[in-house]
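Any value given below was found using the heavy atoms of this structure, including those in side chains, with hydrogens, waters and symmetry copies removed. When a residue number appears, it is its place in the shown sequence, counting from 1.
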Amino acid sequence: PDERNFDLLTGFLGGRIEIPGILDAELSAGVARQNFTHLSFDTLVTPAFEAQFTWNVLPLTSIIGFANRIVVGTETFCGDHPGACASASVGTDQRNTRETTEILAGIQHEFRHDLLAEARFRYGRDKFDFNGLIDDRYSVSANARYLINRHWEADLEFARNNRTANLPEDRTFNTGPYTEHVVTLTIRAGY
């Protein structure tokens with residue numbers, strides 16, 4: 001773990017469009033700078049992009065969206081973990097990159113002043129330059145939130161998460177493809 005530590009700084013410059021009560025959108029471009037504790041890895045500087053919006057299509061209904069793209073460094077220590085890099089022809093102690101792209105779209109609706117619902121779709125892609133591994137992540141979720149009073153709320157969510165991989169037997173960076181169903185009940189208090 002000591003060799004896998006890094007510092008990641010991102011800086012963005014962008015613009016915002018706001019039409020009060022109707023649209024709030026931001027678009028940003030910037031740079032990510034990643035330093036590694038392990039001395040054999042050089043500093044990585046890459047572009048980064050981010051966009052988000054909230055569109056109030058009706059007084060009680062909003063469509064939300066989010067997208068981002070960033071390239072970060074990944075560290076490979078094949079010599080320390082037998083079989084970890086079996087499918088790749090690389091040496092030990094290499095810094096590679098992972099290009100991550102995420103897109104989220106959702107709709108939120110207020111049924112009553114104390115009952116809100118939301119449905120979301122999220123797509124993510126991780127592309128590793130090290131061996132051509134590409135993971136695609138999909139998530140569909142539905143959420144209901146009940147505002148009990150001004151201090152308490154209850155949140156119930158169901159999510160179906162799925163990850164596919166073009167190299168399903170490659171366990172270099174993750175555990176491979178999976179599908180999971182997650183039900184979450186949350187009680188929140190605030191003052």
Side-chain angles (χ1 to χ4, degrees), residues 1-10 28-53 63-107 118-144 155-186:
D2 293 337
E3 294 179 334
R4 298 181 68 82
N5 290 334
F6 61 86
D7 294 318
L8 179 65
L9 290 166
T10 54
S28 304
V31 66
R33 183 177 191 274
Q34 189 173 9
N35 288 331
F36 296 87
T37 302
H38 195 282
L39 297 177
S40 64
F41 300 140
D42 294 330
T43 298
L44 178 66
V45 178
T46 60
F49 303 95
E50 188 170 287
Q52 59 186 351
F53 74 90
I63 295 176
I64 59 170
F66 173 81
N68 74 352
R69 180 190 173 278
I70 191 168
V71 176
V72 295
T74 58
E75 304 162 26
T76 307
F77 300 97
C78 298
D80 295 340
H81 308 290
C85 297
S87 66
S89 56
V90 298
T92 61
D93 299 352
Q94 290 193 359
R95 195 235 37 230
N96 302 281
T97 60
R98 181 186 83 222
E99 178 184 321
T100 298
T101 304
E102 285 191 294
I103 298 170
L104 176 137
I107 186 165
E118 180 176 12
R120 288 186 180 205
F121 171 78
R122 180 185 298 263
Y123 168 75
R125 171 172 251 195
D126 293 325
K127 182 178 179 184
F128 298 90
D129 75 343
F130 155 83
N131 60 355
L133 174 64
I134 297 174
D135 288 336
D136 290 314
R137 294 172 280 112
Y138 306 90
S139 178
V140 177
S141 63
N143 175 282
D155 216 346
L156 179 63
E157 181 174 84
F158 170 77
R160 182 182 191 277
N161 303 316
N162 187 22
R163 179 170 67 199
T164 62
N166 68 330
L167 303 172
E169 299 304 316
D170 188 328
R171 303 290 196 254
T172 308
F173 293 104
N174 58 45
T175 58
Y178 68 85
T179 298
E180 67 180 359
H181 299 88
V182 180
V183 176
T184 308
L185 174 63
T186 307

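- With hydrogens and angles ignored, the 3.5 Å screen pairs a side-chain donor or acceptor of Gln34 with a backbone N or O of Gly73.
- Between Ala144 and Asp155, the closest heavy-atom pair is O-OD1, 3.3 Å.
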Derivation of the side chain to side chain donor-acceptor pair (under 3.5 Å) call for Asn161 and Tyr138: CA-CA 6 Å; Asn161 303 316; Tyr138 306 90; over 6 Å; no
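- The heavy-atom pair separating Val71 from Thr97 by the smallest distance is CG1-CB, 3.7 Å.
- Taking the six-membered ring where the residue is Trp, Phe158 and His181 present parallel rings, their angle staying beneath 30° rather than reaching 60°.
- The heavy-atom pair separating Gly132 from Asn166 by the smallest distance is O-ND2, 3.0 Å.
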Full working for side chain to side chain donor-acceptor pair (under 3.5 Å) between Ser139 and Arg137: CA-CA 7 Å; Ser139 178; Arg137 294 172 280 112; over 6 Å; no
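- Checked against ring pair (Phe, Tyr, Trp, His ring centres under 6.0 Å), Phe121 has no partners two or more places apart in sequence or in another chain.
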Test log, rule side-chain contact (heavy atoms from CB on, under 4.5 Å), inputs Thr43 and Arg33: CA-CA 7 Å; Thr43 298; Arg33 183 177 191 274; 3.9 Å; yes
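- Ion pairing of Asp135 with Arg125 is absent here, as no side-chain N (NZ or NE/NH1/NH2) approaches a carboxylate O to less than 4.0 Å.
- Of all heavy-atom pairs between Glu102 and Arg122, the closest is OE2-NH1, 3.6 Å.
- With sequence neighbours excluded, no residue forms a ring pair (Phe, Tyr, Trp, His ring centres under 6.0 Å) with Phe49.
- In this structure, the side chains of Tyr123 and Leu104 stay at 4.5 Å or more apart for every pair of heavy atoms.
- Put simply, the side chain of Val183 reaches to within 4.5 Å of the side chain of Leu156, judged on heavy atoms.
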